[in-house]
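What follows is a short report on a single structure.
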Amino acid sequence: MIVRLGYVAMSMRVHNASPSKTMTATNFAKLEDRAAAIRKLERIAAENLHNTLRLLKHNKAHDIELYRCSSKLIPLWSHEMLQGWDPLSVLKDDFAELGAYAKENGMRLSFHPDHFTVLSTPRAEVLRNSQQDLSNHTAMLEAMGLDLSGKNNIHIGGTYGNKATAMKRFIEHFMELPDPIRLRMTLENDDKTFTALETLEACEKVGAPMVLDIHHHQVNHNGESAAELWPRILHTWNGQTKQASAEALPPKIHVSSPKNDKDIRSHADFIDASTLYDFLRSIASYTPNLDVMIEAKMKDEALFQLMEDICRLSGVARLTQASFEL
DNA sequence: ACCTGTCAAGTCTGG
DNA sequence: CCAGACTTGACAGGT
């Protein structure tokens with residue numbers, strides 16, 4: 001099995017390279033000249049994109065081919081105050097440059113719209129905002145020129161006291177999404193509400209690949225092991241591959257480690273390599289490729305540390321600075 | 001230069 | 001029914 005490691009949004013090594021600079025809504029509202037305020041938002045967005053490109057170059061230098069873009073690239077986009085604003089018309093060259101660089105270097109990019117995007121919601125307005133947010137994220141992937149392997153990952157959402165009806169709503173809302181949005185979706189198990197098994201069942205119903213988060217699974221399951229679910233999870237990626245693109249899309253998992261014994265849901269600075277290694281070994285024989293997204297506070301620093309730890313612990317064949325074979 | 005409270009957005013819990 | 005917690009990086013305003 002070939003394993004590639006990646007990280008989320010920002011680097012601990014590349015300084016002053018935030019891809020998530022922003023402006024608060026109150027601050028935007030305070031500015032008298034609306035046109036100038038919008039130009040300022042566009043400048044911030046362009047800076048975020050420029051920093052994302054710097055990060056991709058850093059990634060290339062370290063053989064990192066997996067990266068999740070910040071969901072805050074364009075500040076206040078879809079805020080009601082900014083109705084009618086079309087930031088992509090101004091930023092399309094910047095997005096195209098990013099996408100071209102990623103493609104040239106075999107990089108896999110994704111987004112993870114944050115927890116305000118909830119398709120299981122019973123509230124019409126929340127649903128509308130969620131659809132808008134997914135539409136915006138899809139537009140950014142398209143502006144980068146990425147094929148359908150460029151994904152938006154979300155959770156199932158809240159349960160509202162009744163998991164069954166919440167799931168039913170989720171599935172209805174999901175299937176109503178326009179194809180260009182729906183075909184870019186992946187679904188991830190949650191640490192509090194929908195378990196890996198429940199998320200997997202949703203994925204099978206709607207035909208979306210499942211991103212397994214092994215930390216979330218650890219703190220939210222009903223006795224089933226991640227390893228026993230894996231064959232079915234793997235299958236959700238095979239189905240999608242047939243549907244979406246001729247090129248095989250490796251399955252992706254998320255890893256993080258509990259901060260401490262008292263606070264097991266929070267993310268630690270680094271990754272516990274042996275827990276991950278045990279899981280990888282259990283699925284390696286029938287999983288040719290795997291992408292592992294590291295969700296640790298120390299970001300890329302945790303990636304480098306994990307690579308060291310895994311090599312020392314197991315003697316896997318190190319392929320590059322951010323990939324190995326076992 | 002550094003510290004603290006606040007921030008567009010949602011949902012859950014506890015009072 | 002409402003306030004506060006949850007969680008995150010970064011702004012904004014203070015010292």
Side-chain angles (χ1 to χ4, degrees), chain A residues 7-31 37-38 40-41 43-45 47-52 55 68-85 87 111-137 152-163 165-167 169-170 173 188-195 213 215-216 219-220 254 256-260 262-269 293-302:
Chain A
Y7 68 99
V8 177
M10 60 190 281
S11 163
M12 301 307 285
R13 290 202 180 175
V14 186
H15 298 279
N16 302 311
S18 168
S20 312
K21 286 182 174 296
T22 188
M23 188 195 306
T24 61
T26 3
N27 215 259
F28 177 86
K30 267 193 248 168
L31 300 171
I38 285 178
K40 188 167 177 189
L41 282 180
R43 272 203 309 279
I44 294 171
E47 198 182 335
N48 287 340
L49 292 175
H50 174 69
N51 281 337
T52 301
L55 292 168
R68 184 200 300 163
C69 296
S70 163
S71 273
K72 300 189 179 78
L73 290 176
I74 303 180
L76 299 183
W77 195 13
S78 81
H79 190 280
E80 57 171 12
M81 257 188 306
L82 282 141
Q83 282 206 352
W85 179 37
F111 283 113
H112 193 346
D114 63 31
H115 66 285
F116 303 116
T117 298
V118 193
L119 292 180
S120 69
T121 187
R123 296 167 54 194
E125 195 192 335
V126 173
L127 177 62
R128 209 165 43 242
N129 291 339
S130 299
Q131 290 163 335
Q132 186 59 58
D133 196 47
L134 287 173
S135 167
N136 290 348
H137 279 89
N152 291 318
N153 181 60
I154 62 167
H155 297 272
I156 307 287
T159 57
Y160 315 87
N162 188 335
K163 249 186 192 178
T165 54
M167 179 58 86
R169 269 196 309 271
F170 173 87
H173 295 157
E188 176 187 349
N189 57 306
D190 201 84
D191 62 344
K192 288 218 172 72
T193 57
F194 291 95
T195 65
D213 186 312
H215 180 196
H216 290 166
V219 297
N220 184 25
H254 289 176
S256 50
S257 296
K259 193 181 175 72
N260 55 51
K262 283 204 159 63
D263 191 4
I264 54 167
R265 284 191 165 80
S266 297
H267 291 184
D269 289 352
M293 185 64 80
I294 292 162
E295 296 181 330
K297 294 241 185 275
M298 292 303 284
K299 308 290 178 187
D300 53 342
E301 213 60 76

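Under the 30°/60° scheme for interplanar angles, the aromatic rings of His137(A) and Phe111(A) are found to stand perpendicular.
Using a 4.5 Å cut-off on side-chain heavy atoms (C-beta onward), His215(A) and Ser257(A) make no contact.
Rounded to a whole Å, the CE atom of Met12(A) is 13 Å from the C1' atom of dT8(C). Counting to the nearest Å, the C1' atom of dC11(C) and the NZ atom of Lys40(A) are 10 Å from each other. Residue Ile264(A) contributes atom CD1, which lies 14 Å from atom P of dC6(C) at whole-angstrom precision.
For the side chain to side chain donor-acceptor pair (under 3.5 Å) criterion with His112(A), the lone passing option out of Arg68(A), Glu188(A), Glu295(A), His254(A) is Glu188(A).
A distance of about 26 Å separates the P atoms of dA10(C) and dT11(B), rounded to the whole Å. Taking atom P on both dG13(C) and dA8(B), the two are 12 Å apart, rounded to the nearest angstrom. A gap of 15 Å separates the P atoms of dT6(B) and dA3(C), to the nearest Å. Rounded to whole Å, the separation between the P atoms of dG4(C) and dG5(B) comes to 14 Å. Look at the P atom in both dT7(C) and dC3(B): the space between them is 24 Å, to the nearest Å. dA9(B) and dA12(C): their P atoms are spaced 16 Å apart (whole Å).
Near-neighbour residues of DNA chain C inside residues 13-21 of chain A, defined by a heavy atom below 4.0 Å, number-ordered: Ser18(A), Ser20(A), Lys21(A).
Side-chain contact annotation: Asn136(A) with Gln132(A), donor-acceptor N/O pair under 3.5 Å present.
A donor-acceptor contact shorter than 3.5 Å links the side chain of Asn220(A) to the backbone of Thr193(A). Asn189(A) places a side-chain N or O within 3.5 Å of a backbone atom of Asp213(A) that can act as its donor or acceptor partner. No donor-acceptor pair closer than 3.5 Å links the side chain of Asp269(A) to the backbone N or O of Lys297(A). Checking side-chain atoms of Lys299(A) against main-chain N and O of Arg13(A) turns up no donor-acceptor pair under 3.5 Å. Side chain of Thr52(A) to main chain of Asn48(A): a donor-acceptor pair is present (N/O by atom type, distance under 3.5 Å, no hydrogens or angles).
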Determine, for nucleotides 5-15 of chain B in 5'-to-3' order, which nucleotides have protein heavy atoms under 4.0 Å from the base (write B), from only the sugar-phosphate (write S), or from neither (write -). ---BBBSS---

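Residue-level contact check: Lys299(A) touches the backbone only, with heavy atoms under 4.0 Å from sugar-phosphate atoms and none from bases.
Taking side-chain N and O atoms only, Lys30(A) has a distance below 4.0 Å to OP1 or OP2 of dG13(C).
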Which is it for Ile38(A) and Phe28(A) under the side chain to side chain contact (heavy atoms under 4.5 Å, CB included) test, yes or no, and what are the steps along the way? CA-CA 8 Å; Ile38(A) 285 178; Phe28(A) 177 86; 4.0 Å; yes

With pairs defined as Watson-Crick or G-U wobble and both distances under 3.5 angstrom, please note down DNA chain C as a dot-bracket string, | for pairing with another strand. ||||||..|||||||

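Residue Lys163(A) qualifies as enclosed at atom NZ: its count of foreign heavy atoms under 6.0 Å is above 12.
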